[in-house]
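Reading through the structure tokens given below for one structure.
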Amino acid sequence: CAKSLGRGRYILFDSEMYEQNLKLMQLDSDLRYAIERQEFELHYQPFVALATNKLVGFEALIRWRHPERGLVSPTEFIPVAEDSGLIVAIGDWVMHEACQQLRKWQTLFPETTALKMSINLASHQVRESNLIEKLDRVLAATGIVGSSICLEITESTLMDRSELTIDKLRQLRARNIQLSIDDFGQGYSSLGYLRRFPINTLKIDRAFIDRMAADAENLEIVRTIVVLAKTLSMNVVAEGVENQQQVTMLKQLDCKFAQGYFFSRPLPVLALEQAIATKILEI
Ligand code: C2E
Ligand code: MG
Ligand code: MG
Ligand code: MG
């Protein structure tokens, strides 16, 4: 390995880059088989209404159970899948799996029929010409109505070929599918561009929530996003809420919804069902 060569920094750096590239190539080739080998699973993180602490819905978050490397984080493999285009096939699997799971929960816990399933959508998926047909098929096959699902997209997805995107988002809204902007505040946002898109919810990036208590400027950013959402008649969800102090501050700002470790980590299916059955999570 590089370090045992004991050479200069340049070589060390170079061979670290080489190893990093090799690792990425290996990841990319392993990813190609992961769907058929059924190595993916979804964990579900609740989001709640701050006024009652009750469940409003879940966000589906993908996990990869790699045969040698164990559980691989989506922050590691989603960017690789986006580069190769494999994200479309993975995204199709996520969409179907999350809707099927929601249907099961609606049967198992009838109180859950009002809950939403939130699904992350990559730019590639939004750009696909048959996204709408695919969603229609998934909804029909799983018996889920459009209003039960919410698609999370990022600001950069919105900026990308925006006329086409607006048209597609309108078609989704025509099916009552909800739309959220994920990690809001990280990209370019202006009132002007936001108004053009049929968005229902802003999810405040967790970096702002994280620094809100220690840093007045961050607190002002969070306040501004909450007001902005209200002005545009959108909902607002605070992401990454980890403690009571943040909950108190968010309530003072009149932020209605939150998601984060304080309420629950993302959970595998059985753990989530147990939390609902034992009323650790209230509906
Ligand atoms: P995201 O959509 O913004 O999801 C929220 C991330 O924040 C999740 O990370 C979640 O576990 C983490 N999180 C939630 N609450 C807290 C908290 O209180 N503190 C901290 N420190 N973190 C918290 P995760 O599951 O690792 O996912 C990372 C990202 O990967 C997601 O960010 C999303 O961009 C992407 N991703 C995950 N699943 C999918 C998927 O099915 N499709 C696509 N396209 N992207 C996905
Ligand atoms: Mg998300
Ligand atoms: Mg997010
Ligand atoms: Mg994120």
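Atoms within each ligand, like the ligands themselves, are counted from 1 in listed order.
- Annotation: the span from Arg206 atom CZ to Asp182 atom CG amounts to 10.5 Å, rounded to 0.5 Å.
- Under 2.8 Å from the Mg ion (ligand 2) lies no N/O/S atom of Glu239, from backbone or side chain alike.
- Look at Glu242 and you'll find a heavy atom under 4.0 Å from some atom of ligand 1.
- Comment: Glu220 engages Arg223 in a salt bridge, judged by a side-chain N to carboxylate O separation of less than 4.0 angstrom.
- For the ligand labelled ligand 1, residue Arg265 lies outside the 4.0 Å heavy-atom shell.
- With a 4.0 Å heavy-atom cut-off, ligand 1 is reached by no atom of Ile119.
- Here's the thing with Ile62: one of its N/O atoms is less than 3.5 angstrom from an N/O atom of ligand 1.
- Among the atoms of Gln125, none of the N or O lies under 3.5 angstrom from an N or O of ligand 1.
- Of the N and O atoms on the side chains of Arg103 and Gln100, not one donor lies less than 3.5 Å from an acceptor on the other residue.
- Glu76 and Trp64 share no donor-acceptor pair across their side chains, judged by distance under 3.5 Å alone.
- Screening residues 33-51 for salt bridge (Lys or Arg N to Asp or Glu O under 4.0 Å) gives Glu41-Arg65 as the qualifying pairs, with residues at least two apart or on separate chains.
- Among the atoms of Thr75, none of the N or O lies under 3.5 angstrom from an N or O of ligand 1.
- With a cut-off of 2.8 Å, the Mg ion (ligand 2) has an N, O or S atom of Asp182 in range.
- Residue Ala122 holds the heavy atom nearest to atom 44 (N) of ligand 1 of all those in Gly240, Ala122, Ala81.
- Using a 4.0 Å cut-off between charged nitrogen and carboxylate oxygen, Lys23 and Glu16 do not count as a salt-bridge pair.
- At a heavy-atom cutoff of 4.0 Å, ligand 1 is contacted by the side chain of Arg206 but not by its backbone.
- Interface atoms of ligand 1 facing Pro74, defined by a heavy-atom separation under 4.0 Å, are 24 (P), 25 (O), 26 (O), 27 (O), 28 (C), 30 (O), 37 (C).
- Minimum-distance N/O/S atom of Glu152 relative to the Mg ion (ligand 2): OE1.
- Nearest N/O/S atom of Glu59 relative to the Mg ion (ligand 2): this is OE2.
- Only the side chain of Asp183 comes within 4.0 Å of ligand 1, counting heavy atoms alone; its backbone N, CA, C and O stay farther away.
- Within the structure, the closest approach of Glu59 to ligand 1 falls below 4.0 Å when heavy atoms are considered.
- The residues Asp30 and Arg69 are annotated as not salt-bridged, no charged nitrogen and carboxylate oxygen being separated by less than 4.0 angstrom.
- Taking 4.0 Å as the cut-off, His43 does not count as a neighbour of ligand 1 on heavy-atom distance.
- Chaining together hydrophobic side chains whose heavy atoms lie under 4.5 Å apart places Phe257 alongside Phe47, Val56, Val237.
- Heavy-atom proximity to atom 22 (N) of ligand 1, evaluated over Trp93, Phe262, Phe263, Tyr261, is greatest for Tyr261.
- With respect to the Mg ion (ligand 3), Asp183 has OD1 as its nearest N, O or S atom.
- Inclusion of Gln45 in the set of residues having an N or O under 3.5 Å from an N or O of ligand 1 is warranted.
- Between the side chain of Asp183 and the backbone N or O of Gln186 there is no donor-acceptor pair closer than 3.5 Å.
- Under a 4.0 Å N-O distance rule, the pair Asp205/Lys203 does not qualify as a salt bridge.
- Remark: the Gln125 side chain and the Lys134 side chain contain no N/O donor-acceptor pair separated by less than 3.5 Å.
- Distance CE/Met234 to CZ/Phe197: 10.0 Å, rounded to 0.5 Å.
- For the residue pair Asn120 / Glu59, a side-chain donor-acceptor distance below 3.5 Å is found, with atom types taken as modelled.
- Residue Ser118 does not count as close to the Mg ion (ligand 2), with no N, O or S atom under 2.8 Å.
- Every atom of ligand 1 is numbered from 1 in the order shown, and the set under 4.0 Å from a heavy atom of Val94 is 41 (O).
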